[in-house]
Amino acid sequence: MAKSSVRTPNGSGASRNRAVAAAARAAAKRAERARTEESDEPPAVDAGANAPRVQVPLTKPSPKVRQARKAPERAEGRARRGRGTRVALLAALVVVGLVSAAVLGLLQHSGEGAREARTQALAAARKAAPDILSYRYRHLDRDFAKARTHLTGGFRKEYAKTTEKVVGPTAKKYKGEVTATVAEPGSGGTPAASVVSASPDRVVVLLFMNQVTKNTQAKSPRVDLNRVRLTMVPTAGTWKVSAVDAL
């Protein structure tokens, strides 16, 4: 007997449901295979998040390293010190040069002043000595006054005191006369006078003097050959006698 096929009203819908289920199972299998393949590759790792942090130990550098680091600083320091030393040395040389020039200038000026002083003081001494050592009883006041014009300072007062109290009275009593001249060579020439020492403010002159003395106690004039040292000092634009010493 032939089987009759029964069609239900919903037969077409059931077929569709089975097709959808089969497609879903196939898609699931494909997804599973894809996950399996992907699982064969190593998973990506976030290096920043999971990488271990390495801490470098804080150790002191070795002496050689410290010396190497400080070498440029020491070199720069030596360079600065070298520049400073050169500048200081240059400044010192400049100062020494200026001082030397000043000293040489002073010495030259002093030498020129001493030479000028020698000439002027020697001439003044030759002129002053005969007036200081000469007098005549007939005009003592005039002779002593003339002599005082060549004197200065304390020696002028001393000379005035001596002539007033000793020389004057004796000359009047014995009618004394003394004529003094600077000795000259027999053949003529420069009078016997020389400079012993000289500086711009003091000159010592040595003179050889001839003194002819007359008085009532001597039958004939007496001639004395004396050496006299005169100390000359500049006074009021000229040279005057501040001391007389018989040698």
Any side-chain heavy atom of [X] within less than 4.5 Å of one from [Y]?
| X | Y | answer |
| --- | --- | --- |
| P130 | T181 | no |
| V178 | L133 | no |
| R227 | M209 | no |
| V228 | L247 | no |
| Y135 | E177 | no |
| L225 | N210 | yes |
| L151 | T149 | no |
| T152 | V233 | yes |

I need the minimum non-hydrogen distance between [X] and [Y], along with the two atoms involved.
| X | Y | value |
| --- | --- | --- |
| D201 | S199 | OD1-OG, 2.8 Å |
| P169 | T163 | CD-O, 4.0 Å |
| A121 | V205 | O-CG2, 4.3 Å |
| W239 | A117 | CZ2-CB, 3.4 Å |
| S134 | A180 | OG-N, 2.8 Å |
| L207 | A125 | CD2-O, 4.0 Å |

For V212 and R222: C-alpha separation, side-chain torsions, deciding distance, then whether side-chain contact (heavy atoms from CB on, under 4.5 Å) applies. CA-CA 6 Å; V212 180; R222 188 181 76 241; over 6 Å; no
Determine whether more than 12 heavy atoms belonging to other residues, nucleotides or ligands lie under 6.0 Å from atom CZ of R118. no
Heavy atoms of other groups near D141 CG, more than 12 under 6.0 Å: no
Using the six-membered ring wherever Trp is involved, compare the ring planes of F144 and Y159 and label them parallel, tilted or perpendicular (cut-offs 30° and 60°). perpendicular
Step by step, would you call V203 with V195 a side-chain contact (heavy atoms from CB on, under 4.5 Å)? CA-CA 7 Å; V203 178; V195 175; 3.8 Å; yes
If you round to the nearest 0.5 Å, how far is [atom2] of [Y] from [atom1] of [X]?
| X | Y | atom1 | atom2 | value |
| --- | --- | --- | --- | --- |
| K175 | R138 | NZ | CZ | 7.5 Å |
| I132 | K146 | CD1 | NZ | 11.5 Å |
| R156 | H150 | CZ | NE2 | 11.0 Å |
| T162 | K157 | OG1 | NZ | 14.0 Å |

Set of side-chain hydrogen bond (donor to acceptor under 3.5 Å, both in side chains) partners for [X], sequence neighbours left out:
| X | value |
| --- | --- |
| E164 | none |
| R202 | none |
| N215 | none |

R136/D143 under side-chain contact (heavy atoms from CB on, under 4.5 Å): CA gap, chis, key distance, verdict: CA-CA 7 Å; R136 290 175 177 81; D143 292 343; 3.9 Å; yes
Counting only N and O atoms by type, is there a donor-acceptor contact under 3.5 Å from the side chain of S242 to the main-chain atoms of T231? yes
Judged by atom type as modelled, is there a donor-acceptor pair below 3.5 Å linking the side chain of T119 to the main-chain atoms of R115? yes
Honestly curious: do V244 and V204 fall in one hydrophobic cluster under the side-chain, below-4.5 Å linking rule? no
Let me check something: do L140 and V167 share a hydrophobic cluster, defined by ILVMFWY side-chain heavy atoms less than 4.5 Å apart, either directly or through other members? yes
Please walk me through it: do F208 and V182 pass side-chain contact (heavy atoms from CB on, under 4.5 Å)? CA-CA 6 Å; F208 291 84; V182 180; over 6 Å; no
